[in-house]
Every structure is written in C-alpha cells, then in structure tokens.
Chemist: 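Attaching a single structure in structure tokens format; questions to follow.
Start at 1 and go down the list; that is how both ligands and their atoms are numbered.
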Amino acid sequence: MKKLYNIAVVGATGAVGAEMLNVLKDRNFPIANLRLLASARSKGKELKFKDKVLKVEELREDSFEGIDIALFSAGASRSKEYAPHAVKSGALVIDNSSAFRMDPDVPLVVPEVNPEDVSLNKGIVANPNCSTIQMVVVLAPIHRAVGIRRVVVSTYQAVSGTGLKAIQELEKQVEDLSNGQPVRCEVYPHQIAYNVIPHVDVFLDNGYTREEIKMVNETRKILHDDNLAVSATCVRVPVFRAHSEAVNLELLKELSVEDARKLLSEFPGIKVVDEPLKNDYPLALDASGKYDVLVGRIRKDSSVRHGLDMWIVADQLLKGAALNAVQIAEIAVDQGL
Ligand code: NAP
Ligand code: 3JM
C-alpha cells in the first residue's frame, strides 16, 4: 500500500497557508493526518480540508510530534524559532520564509531546476522567494543551453505577496476612494490603490531593498553560478494576485528568439504566451490560480551582445510559494524522505 504522511501546515490561516491546503488536495498528496498551526489568535478556528473540518492549533515547540513533513509559511522569525523543534521531532521542514535560504547546509530548491539538491538536506529545505522562483524557472533552460552573463529584472508585485492584510488594504482603499473617503495606509508606507511603489521589504545600506538582494543571491544559489551578475528593482503594484517581471538577459552565446521560444516551451512548468500581434502575452489575471509560469514578449535586445528581453508572469501564491513547496515534498517522498 502507498505510504501516507503526517503533515503540519504552519501559518495555515494565511494567504500562503490557504493555498497550501488547496495544492495538497489538488495534487492528492498522500496524507494520513493534517495538523493546522497558526498563532494563538487563530486557536480553535475551523478550516475545511477535503470533506473534513479541522481545528487550528496554536504553534508550540511540541507541535511536531509524529509529524513527517512540516510546511512553514508564518514568517521568518517563526521559522527561525520553531523549525529547529520540528527537525528535532524528526520532521522534514519545507520553509517558505527567507530564514534559512542562504544557509550553506540548507538546499534552496525549484523542482524544475535543481530537484537533486533536495537529497542534500539536513532536515530543512528552503523554498525560494516568490519573485526568484518564477524568474529562475525561465532562466534555467537558457542558462543550461547558452549560459547567462547578466540579468536585469524589474518586478511588478501583487499585494497578496505581503499577505492577507495587504489584500484587505487594497480592497478598502479602492472602496474608500470611490466613496470620496480618505484612505488609510497601514501595511504599505504609501497609498497602494492607483499607485506604484518602488519598495518591497526593507531598505539596506547599499540602496537596494532586501527583496532585491534576495533575488540576486537566491538566483545564483539555485543555478549554482556565483559568477552570474543580477540587478533587481522590486516594485509593488495594485494587483491582487500574480507577480509580473520585465527581464533583460545578456547571454554568453547567441540564442535566437525562435530557439528561445522552443527551448522554453519544452521546459516543464513553463507556458509560452507570445503572439503580441494578437494581443497575446502573459497577464497577471491569466496567471492567477494557475500553476504554470507564463513567458512572452521574447525579443532580441540589440543594445548588447547576445541580448534577450522577456516578460514573465506567475501566481506567486502557487508557483511562488505553495505549489513549489508541495512539489519539494513530493520529491522528498519519492526519495523516501
Ligand atoms: P499572512 O497572510 O499574513 O499569513 C501569516 C500566517 O502566519 C498566518 O497563518 C498567521 O496566523 C501566521 N502567524 C503569524 N504570527 C504567528 C505566530 N506568532 N505564531 C504562529 N503563526 C503565526 O502571510 P502569507 O502571505 O501567508 O505569508 C506567510 C509567510 O510565507 C511570509 O511571511 C513569507 O515568509 C512566506 N512567503 C509568502 C509569499 C507570498 O506570496 N505571500 C511567498 C513566499 C513566501 P494568524 O492567522 O493566527 O495570525
Ligand atoms: C515574502 O515575517 C517575515 O519576516 C516575513 C517577510 C516576508 C518574506 C520573508 O522574508 O520570508 C514576506 C513576504 C517573504 C519571502 O518570501 O522572502
């Protein structure tokens, strides 16, 4: 008989946690028992999974007894505090936060790109940042085929990337503005409705934000290429769901637009949407609720040697978080954990 696993979802009441439950169900993950964990605020709250109603429990050090796989998405400080307890209890931790991503003992995995790294884990596998994941899925086949010297990326990130409170803030601001009421800004430092804010995560001494530096370091780690030059500008836009990215590449060898389209369309997890004359290109609304990373607007950049431009869109709660984490869990199960 197929083995069944005891799963804990940490942050089950959040935007990522909700998708974690959807993806586990959708992919028919072999679950014996499911434990839903969140803060004391959510204790006793009921969530549906398949035909069962499950009660949310408060996250505690002893929450992981008997758990085989713990899927963490409750922020970096919760991961730092509780993941070691989960590992001590014998669970494999798949962590969605930035807490352990750059730890040399923690593999950082995008299943289409570096699935073999999962087996190097010492109890924790890290899920990359949402903006990194969708970009790296597209970079990987190009990097393998011709090599990449430099990546310049600008993101257009949806508010659900900040969590449930940010979704509510955008909804409320749109409502208040349409009723002539003043807006309140609690999650973002500026009004997000009808605005574009070049600020995701905190600013660092070098003028970049931490989100931008995550994209630099994580991309190099996943592609195993410390020489890859990456510069990122991360921008929050008033979109509910799915991140978009304008990506400019300087390749090591020539790759025609036609060959790039072919290479990308043959790679798992990618859908090429690239018929601009029919107004067909990747859109956040089309990517929402879907598993694939959409890529289009693929064109030659003649301003540099071997340049290529493109537009990449994906649902950051799915491929950028929950789907990627469950795919890692599936690999771990295939490897016997
Ligand atoms: P969210 O909607 O704000 O949800 C946060 C979750 O964390 C809730 O379940 C919350 O429980 C729980 N939590 C907060 N404080 C806690 C505590 N002290 N103890 C236990 N649980 C606690 O945020 P989200 O968008 O789901 O993101 C969660 C995390 O996933 C992020 O912080 C990030 O590290 C990672 N992540 C997010 C995305 C994304 O696209 N959103 C992508 C990749 C990774 P309560 O409901 O009880 O407060
Ligand atoms: C996406 O509480 C926190 O530290 C969470 C901040 C956060 C992160 C992160 O740094 O883990 C919010 C949204 C991420 C991420 O995926 O890097």
Chemist: Got an N/O contact under 3.5 Å between G161 and ligand 1?
Modeler: yes

Chemist: Counting each atom of ligand 2 from 1 as listed, which ones have a heavy atom of S97 under 4.0 Å away?
Modeler: 11 (O)

Chemist: Decide whether an N or O pair under 3.5 Å exists between S77 and ligand 2.
Modeler: no

Chemist: Within the 4.0 Å heavy-atom shell around G161, which atoms of ligand 2 are there?
Modeler: 13 (C)

Chemist: Return yes if a side-chain donor-acceptor contact under 3.5 Å exists between H243 and D315, otherwise no.
Modeler: no

Chemist: Check ligand 2 against N96 and write out every atom of the ligand that is under 4.0 Å from a heavy-atom position of the residue.
Modeler: 16 (O)

Chemist: Select the closest option to atom 19 (N) of ligand 1 among Q316, E81, R78, judged by heavy-atom distance.
Modeler: R78

Chemist: How far is atom 11 (O) of ligand 1 from its nearest protein heavy atom, and which residue and atom is that?
Modeler: T13 OG1, 3.2 Å

Chemist: Atom 33 (C) of ligand 1: which protein heavy atom is closest, and how many Å away?
Modeler: N96 O, 4.3 Å

Chemist: Report the part of T162 in contact with ligand 2, treating N, CA, C, O as backbone and CB onward as side chain, heavy atoms under 4.0 Å; options are side chain, backbone, both, neither.
Modeler: neither

Chemist: What do you reckon, does R78 have a nitrogen or oxygen under 3.5 Å from a nitrogen or oxygen of ligand 2?
Modeler: no

Chemist: Atom 26 (O) of ligand 1: which protein heavy atom is closest, and how many Å away?
Modeler: V16 N, 2.8 Å

Chemist: Regarding D95 and N127, do their side chains bring together a donor and an acceptor under 3.5 Å, going by distance alone?
Modeler: no

Chemist: Quick check: G14 and ligand 1, any N/O pair under 3.5 Å apart?
Modeler: yes

Chemist: Is there at least one protein heavy-atom neighbour under 4.0 Å from atom 7 (C) of ligand 2?
Modeler: no

Chemist: What is the closest protein heavy atom to atom 14 (C) of ligand 1, and at what distance does it sit?
Modeler: R41 NH2, 3.7 Å

Chemist: With heavy atoms only and a cut-off of under 4.0 Å, state how S79 meets ligand 1: side chain, backbone, both or neither.
Modeler: neither

Chemist: Taking only heavy atoms of S73 into account, list the atoms of ligand 1 that are under 4.0 Å away from them.
Modeler: 6 (C), 7 (O), 28 (C), 29 (C), 30 (O)

Chemist: Could you list which atoms of ligand 2 come closer than 4.0 Å to a heavy atom of R101?
Modeler: 15 (C), 16 (O), 17 (O)

Chemist: Please report whether ligand 1 has a polar contact with A15, defined as an N or O pair separated by less than 3.5 Å (distance criterion only).
Modeler: yes

Chemist: Which atoms of ligand 2 are found less than 4.0 Å from any heavy atom of G75?
Modeler: 2 (O), 3 (C), 5 (C)

Chemist: Less than 4.0 angstrom from a charged side-chain N to a carboxylate O is my criterion; do K214 and E211 meet it?
Modeler: yes

Chemist: For atom 10 (O) of ligand 2, what is the nearest protein heavy atom, given as residue, atom name and distance?
Modeler: S98 OG, 2.6 Å

Chemist: Which of the atoms of ligand 1 are close to L317, meaning less than 4.0 Å from one of its heavy atoms?
Modeler: 39 (C), 40 (O), 41 (N)

Chemist: How about F29 and F49: are their ring centroids closer than 6.0 Å?
Modeler: no

Chemist: Could you see which bit of L59 sits under 4.0 Å from ligand 1, with heavy atoms only: side chain, backbone, both or neither?
Modeler: side chain

Chemist: Does Q316 approach ligand 2 within less than 4.0 angstrom via side chain, backbone, both or neither, non-hydrogen atoms only?
Modeler: neither

Chemist: Which one of A322, G17, G163 has a non-hydrogen atom at the shortest distance from atom 23 (O) of ligand 1?
Modeler: G163

Chemist: Mind checking whether S98 has an N or O less than 3.5 Å away from an N or O of ligand 1?
Modeler: no

Chemist: At what distance is the nearest protein heavy atom to atom 32 (O) of ligand 1, and which residue and atom is it?
Modeler: G75 CA, 3.2 Å

Chemist: How close does the nearest protein non-hydrogen atom get to atom 3 (C) of ligand 2, and which residue and atom is it?
Modeler: A76 N, 3.4 Å

Chemist: Is there at least one protein heavy-atom neighbour under 4.0 Å from atom 12 (C) of ligand 2?
Modeler: no

Chemist: If you measure only the distance, is there a donor-acceptor pair under 3.5 Å linking the side chains of T155 and Q157?
Modeler: yes

Chemist: Under a 4.0 Å heavy-atom limit, does K214 contact ligand 2 with its side chain, its backbone, both, or neither?
Modeler: side chain

Chemist: For a quick test of reading the model, state the closest non-hydrogen atom pair linking R220 to L228 and the distance between them.
Modeler: NE-O, 2.7 Å

